[in-house]
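Following: one structure in structure tokens, then a few remarks.
Numbers restart at 1 for each chain; the letters A, B, ... are given by sequence-line order, proteins then strands. Side-chain atoms are counted along with the backbone in the values below, which use heavy atoms only and exclude waters and symmetry mates. Here the structure is a predicted model, which means the values were calculated and not measured.
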Amino acid sequence: MEISKNFDFKSAEAKWYAHWLENKYFESTPDEREPYTVVIPPPNVTGILHMGHCLNNTIQDILVRRARMMGKNACWVPGTDHASIATEAKVVQMLRERGIQKASLSREEFLSYAWEWKEKYGGIILQQLKKLGCSLDWNRTSFTMDADYYKSVIHVFNDLYGKGYIYRGKRMINWDPKAKTALSDEEVIFKEVQGKLYFLQYQIVDNQGQVVPLSEGGITIATVRPETILGDAAIAVNPSDDRYKHLIGSYAIVPLIDRKIPIIGDEYVATDFGSGALKITPAHDMNDNQIGIKHGLQVVDILNEDGTLSSDAQLLIGKDRFEARKEIIQLLQEAGHVVKIEDYIHQVGFSERTDVVVEPRLSLQWWVDMKKISGPALTAVQDGEINFHPAKFKNLYRHWMENIKDWCISRQLWWGHQIPAWYDGEGRFVVAMNEEEAKEKFSKEFNVIDPQLKQDEDCLDTWFSSWLWPFEVFKGISNPGNKDVAYYYPTQSLVTAPEIIFFWVARMVMAGYEYMGKKPFSDVYFTGIVRDTQGRKMSKQLGNSPDLLEMIDEIGADAVRFGILIASPAGNDLLWDKSSNEQGRNFINKLWNALKLIQIWKERAKPNLTSEEVSLASDWPHQWFDARLRAASSEIDVLMAQYKLSEALKTLYSLIWDDFCSWYLEWVKPGFEKPMDQVHLDSVLNNFELLLERLHPFMPFVTEEMYHLLRTSQPIDLCVRQLDAALQPRELDEKVLNEGELLKASITAIRDARVKSQIKNKDAVTLYCSSLERTSWEAIQQLLSKQVNASDFSFTDEPIANTIQLVVGSSKMYIKSEQVLDTSAQRKTLEEELKYYEGFFASVEKKLSNEKFVQNAKLEVVEMEKKKLNDALQKITLLKESIANLS
RNA sequence: GGAACAUUAGCUCAGUUGGUUUAGAGCAUUACUUUGACAGAGUAGGGGUCACUGGUUCGAGUCCAGUAUGUUCCACCA
């Protein structure tokens, strides 16, 4: 069979993915095997594949494919998340482009547009995962708003409400004025912003109730949000502050609107910040709200839900908050209230989804009382029931869990799971599975017959559905105790980004224990963040995020998978550069060329060779490679168990490039245009197959392609071939591995000597060896002679004159050549080596002559040092002899 | 403000309970080689007082304390 010059990844990728699907290799149903379950972190239904997904899903695919090849029933569940805010924003934008305002639509109309949009664009990302080679069970594709899933979310809400874990309450929340919705604390990103600190002077009312003119002094406060003075309810000072304490109990006048507000004392106020007097705006600041409650202050809400000033502001009504800020300063300046304005750098909260400044706002929302369900989730991770990789995230998790706050779960959106609460006209409400049940409950609880009910307009936070993901993809709630959930749950590995440890991971653990009574997964692998070479996070805004599909198209999915993984140390961020793809491509090329070489051997192979034709006298090279493969495989097993995927791939890379290509194939290579005997060829083919097997989870396409080119009638596809569990290191391997090291060292040393003495490769040399380890040399002498073009190899006890002298291990070698020898180069090499060993000898000797060392160190350590000393001494003797022989 | 983690070759990182060499790998770099799988190759080399300062110890990249720098998380004084 003709093998193409290079790997044609485009046709191979299309061919093999279709073939795998056709043969249902990725489909899983419960059977007697042990399950290996992974649920995909569901990407946003609006999402497009980026580098983060690439890393994340490559890792999952490696774990899943490997499990599949190790006899597990591997099941990787795909799906998408409805991503309420993000998706609703996209739909609103699409409508705007069509000239439709969301406000002009009914809820039903809007949702039909949203579903239309979801059907059309949603799930593109899942198609993209196929390009990457991901072995997902597509029959199990789930969506967080599937009918059953939806019902389960509503059920969970009802259940938690029934248990008293969900409540409705008026609290300060983070308000996103663009999305016009509440946000949870986790959805607010604090950024440092260069702002201004405005010092404003308020007039004071004296004992007689007279307003003191500003010219006679007032009270100065500092604020970064001057527009909020319109909502002021008090001015607070620290009761121990001598500057102000006499004012406590009197009143001040809010500028421009002349509202009379009390001056109160509260320890909360810092005397050393700003002016030492704090304006209190209970409707628009978390802390002010607390103080407001404590002192029974009135609440003046001056903002509309879109961030414009409300009629309660009395001034600048309808203006945007930032516009109002500029204008009010002008008005205050004109009225003489501005004392000074300072530059001020401070932290401002932004909405994670819309990136607008979040407003603290008082509103009625639904909450989950987290302390009620967090207990088992905390201990599970503390006790190692669930393992985090890397383990450092354990601390972070614990800290958050121990200081957990209630979770605001209502969102003022339409796209999502509508809150199952029904209200009557009088503000009474019940929580129910549906309207019918709600009516029943009303009649029972309030004795109302057939009330006019209205369902809560709001939706649930997206994470209130995705925290059910690991079991609801198996219908663990909608069809409790079914065969799938019983078999696949708990899942094994969760691979996700550390950013969502609180949003998602922690909450899944809570839901898992609450609803399944079991952990949702055994291991959580947190990937790093993909950054560019300058260490910047990849983002659309910076334009440093490469187009993944384009890249796959250019260089192939396997090269991209290799590139991202090799650059990804376990648990660290990875600085990714396109050049690591090239390393992947080069590696594929190397493999491909090995295949081409073997193909040539296959064509020339003969079943029975005459003794003259035999290319290889023994099967020593096969034994050696077998031993190397065993050692490397067990290293890889260990690394994989520790989730050190990058290290495992490096081990494989070097096994293939160095051990297999550079050494093994060279050792078994027959002479130019000579045939290879079938027995040796079979060994080579077997070994190559075993390599491809191990590489397959990392680079599925090229390995499957080569596997079939290697042997035309494979009984089974590589994708579902089972790894040979017997491939473990054996004690007897040690001998052949040592011989291999001796062979490599001698080849390298002789090649080096040839270069330094300018002996051309085509000129044959004669080798003499003086050694106490004759049996080792005997095992390798034929290969050595072939590799270094030596016409003869013999043992000697005497130095050979006019030769190049080398010390390999504890043996001496003499290279005899026709050529005139340049002894100076040789002498230099030997002397440098001697210098090194003398230095080494001195350092060991020093250590051993230290009495305290010999007294205190462990016996075996001392013994080892003595051995090192002896070895070095032997080496020094040999080197000295060689140098002496030179002259 | 608090905490966690990190700091080893030009870059990205290994280095398991302190003692296996005078600290390793990959990539990059330099020189040389090169007509039989592979110039997308081969061989060899250069490059590190293991961030700094102390301490514990016979012995520290490894343990302890402090300092500096960086990253991340938490909190948020208007």
* With a non-hydrogen cut-off below 4.0 angstrom, is A:V861 in contact with a base, only sugar-phosphate, or nothing? -> base

* Would you name the heavy atoms of A:P262 and A:A233 that are closest together and state the gap between them? => CD-O, 3.3 Å

* Asked: Which value, in whole Å, describes the distance between the C1' atoms of nucleotides B:rA78 and B:rA4?
  -> 29 Å

* Asked: Nearest to the side chain of A:T223, which nucleotide is it out of B:rU21, B:rA75, B:rA78?
  -> B:rA78

* Given B:rG40, B:rC38, B:rC58, which nucleotide is nearest the side-chain atoms of A:N593? -> B:rC38

* Taking OP1 and OP2 of B:rU34, is either one under 4.0 Å from a side-chain nitrogen or oxygen of A:R754? -> no

* Asked: Which part of the nucleic acid does A:D573 contact within heavy-atom distance under 4.0 Å: base, sugar-phosphate only, or nothing?
  -> sugar-phosphate

* Structure fact -> Regarding the side chain of A:F840, the nearest nucleotide among B:rG19, B:rU22, B:rC13 is B:rU22

* Asked: Is there a side-chain polar atom (N or O) of A:K405 under 4.0 Å from OP1 or OP2 of B:rA75?
  -> yes

* Do A:K340's NZ or CZ and the ring of A:F199 fall within the cation-pi criteria of under 6.0 Å and 45°? -> yes

* Side-chain donor or acceptor of A:E666 under 3.5 Å from a matching atom on the base of B:rA37? -> yes

* Would you classify A:W657 as touching base, sugar-phosphate or nothing, given that sugar-phosphate means primed atoms plus P, OP1 and OP2, and contacts are heavy atoms under 4.0 Å? => sugar-phosphate

* Charged tip of A:R531 within 45° of A:W576 ring normal and under 6.0 Å -> no

* Asked: Heavy atoms under 4.0 Å, any strand shown: does A:T748 hit a base, just sugar-phosphate, or nothing?
  -> sugar-phosphate

* Expressed as a whole number of Å, how far does the C1' atom of B:rU49 sit from that of B:rC5? -> 26 Å

* Asked: What's the closest nucleotide to the A:C661 side chain, out of B:rA78, B:rG19, B:rA37?
  -> B:rA37

* A:K392 side-chain proximity, nearest of B:rG40, B:rG26, B:rC5 -> B:rC5

* Do the charged groups of A:K744 and A:D659 touch, with an N to O distance under 4.0 Å? -> yes

* Asked: Is the phosphate of B:rC73, meaning OP1 or OP2, less than 4.0 Å from a side-chain N or O of A:Y397?
  -> no

* To do: Give one of base, sugar-phosphate or nothing for A:E860, where a contact means two heavy atoms less than 4.0 Å apart.
  => nothing

* Asked: Does the side chain of A:K669 get closer than 4.0 angstrom to OP1 or OP2 of B:rA37 through an N or O atom?
  -> yes

* Side chain of A:N850: nearest nucleotide among B:rA78, B:rC58, B:rG42? -> B:rC58

* Within a reach of under 6.0 Å around CD of A:Q194, are more than 12 heavy atoms found that belong to other residues, nucleotides or ligands? -> yes

* When all nucleic acid strands are considered with a 4.0 Å heavy-atom cut-off, which category describes A:K644: base, sugar-phosphate, or nothing? -> sugar-phosphate

* What is the nucleic acid contact for A:Q347, judged by heavy atoms within less than 4.0 Å: base, sugar-phosphate only, or nothing? -> base

* To do: Between B:rA37, B:rG40, B:rC76, spot the one nearest the side chain of A:K590, thanks.
  => B:rA37

* How far does the P atom of B:rG26 sit from the matching atom of B:rA3, given to the nearest Å? -> 41 Å

* OP1 or OP2 of B:rA78 sitting under 4.0 Å from any side-chain N/O of A:Y344? -> yes

* Is A:W400 near enough to B:rA3 that one of its side-chain N or O atoms lies under 4.0 angstrom from OP1 or OP2? -> no

* Asked: A:F502 has a side chain; which of B:rA78, B:rC74, B:rU22 sits nearest to it?
  -> B:rC74

* Asked: Should we count CD of A:E734 as having more than 12 external heavy atoms under 6.0 Å?
  -> no

* Asked: Where the side chain of A:L396 is concerned, which of B:rA37, B:rC73, B:rC58 is the nearest nucleotide?
  -> B:rC73

* In whole Å, what separates the C1' atom of B:rC76 from that of B:rG18? -> 43 Å

* Asked: Which part of the nucleic acid does A:R225 contact within heavy-atom distance under 4.0 Å: base, sugar-phosphate only, or nothing?
  -> nothing

